[in-house]
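All remarks here apply to the structure that follows.
Both backbone and side-chain heavy atoms feed into the values below; hydrogens, waters and symmetry mates do not.
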Amino acid sequence: MRKKITLSFLIFILGCLLVGCTGVEPEKRLYPQAIAVERNQEEYAVLFGMPNMEGTTGQEKSGEQTQKSVLEFSGRNMKEIQTLYNQTQEKYLDLGHVNVLILGSGIRQMGYWEQVTAFFKNQPTLGEDIYVFQTEDIHQVMEYNGTKTDSLGDYIKGIYENRPYAQQRQGVTLRQVYKVWYETGELCQLPVISVLSDGTLQIHD
């Protein structure tokens, strides 16, 4: 009997590790693939870019209300934004599929990036291999999500990875950003992403 109980307990622990101990079914989660963060004199703004799953899979139904391609939240600090999300959204926010983090120019100012770092460090599902960029206008870039492309996160990741090895671009990952931050206390130089006048998305490494 003790062996059976022990085996069941081990299976339970393994299951918790695999799903992050949240116990939330996949269909009750939101899976953003791009995140943009900006800070002005008064508050932070965080945008979550959701993939257009219906358009990607060809299962979109006419007349049916679809999920917004970009969710935006504002608050005096990152904790307030997380609280606002939890109070207004029915689905659990799962950051395990994020491919891209885009930072506005205001984040570079003193103290702001430190709060952003602490927030993301406390997100257990957010991987450190995601690509990090900076931009002058996070809203303009995030408009691409769900309009010009089904997923901005997948689109940008493809620019860097969907090439023969010799042609692949070397992006800056969140892991590298953390390393520079802890060693120097500064936000490292990041590739710049912007939208040109003709609507083309451009990245300067």
Taking only residues two or more places apart in sequence or in another chain, which ones pass side chain to side chain donor-acceptor pair (under 3.5 Å) with [X]?
X    : value
N99  : D154
D137 : none
E114 : none
Q170 : none

Within the distance-only criterion (no hydrogens, no angle test), does the side chain of [X] pair as donor or acceptor with the backbone N or O of [Y] below 3.5 angstrom?
X    : Y    : answer
S69  : N145 : yes
Q82  : M78  : no
Q168 : E161 : yes
Y31  : P26  : yes

Under 6.0 Å from the NZ atom of K121, do we count more than 12 heavy atoms belonging to anything else shown? yes

Partner set under ring-ring contact (aromatic ring centres under 6.0 Å, His included) for F120, not counting sequence neighbours: none

By ring-ring contact (aromatic ring centres under 6.0 Å, His included), which residues pair with F133, not counting sequence neighbours? Y160

For Y144, give me all partners under side chain to side chain contact (heavy atoms under 4.5 Å, CB included), at least two apart in sequence or on another chain. K148, T149, L152, V195, L201

Which residues pass the side chain to side chain contact (heavy atoms under 4.5 Å, CB included) test with Q109, sequence neighbours left out? Y112

From the list K157, H97, Q33, side-chain hydrogen bond (donor to acceptor under 3.5 Å, both in side chains) with S151 holds only for Q33

Can you list the residues that meet the salt bridge (charged side-chain N to carboxylate O under 4.0 Å, His left out) rule with E183, with sequence neighbours excluded? K179

Taking it one step at a time, do R76 and Y44 satisfy side chain to side chain contact (heavy atoms under 4.5 Å, CB included)? CA-CA 6 Å; R76 292 167 296 179; Y44 286 93; over 6 Å; no

Please collect all salt bridge (charged side-chain N to carboxylate O under 4.0 Å, His left out) contacts where either partner lies in [range], sequence neighbours excluded, each pair once.
range            : answer
residues 31-51   : none
residues 187-202 : none
residues 165-178 : E128-R175, R169-D205

To the nearest 0.5 angstrom, please state how far the CD1 atom of I138 sits from the CG atom of L103. 9.5 Å

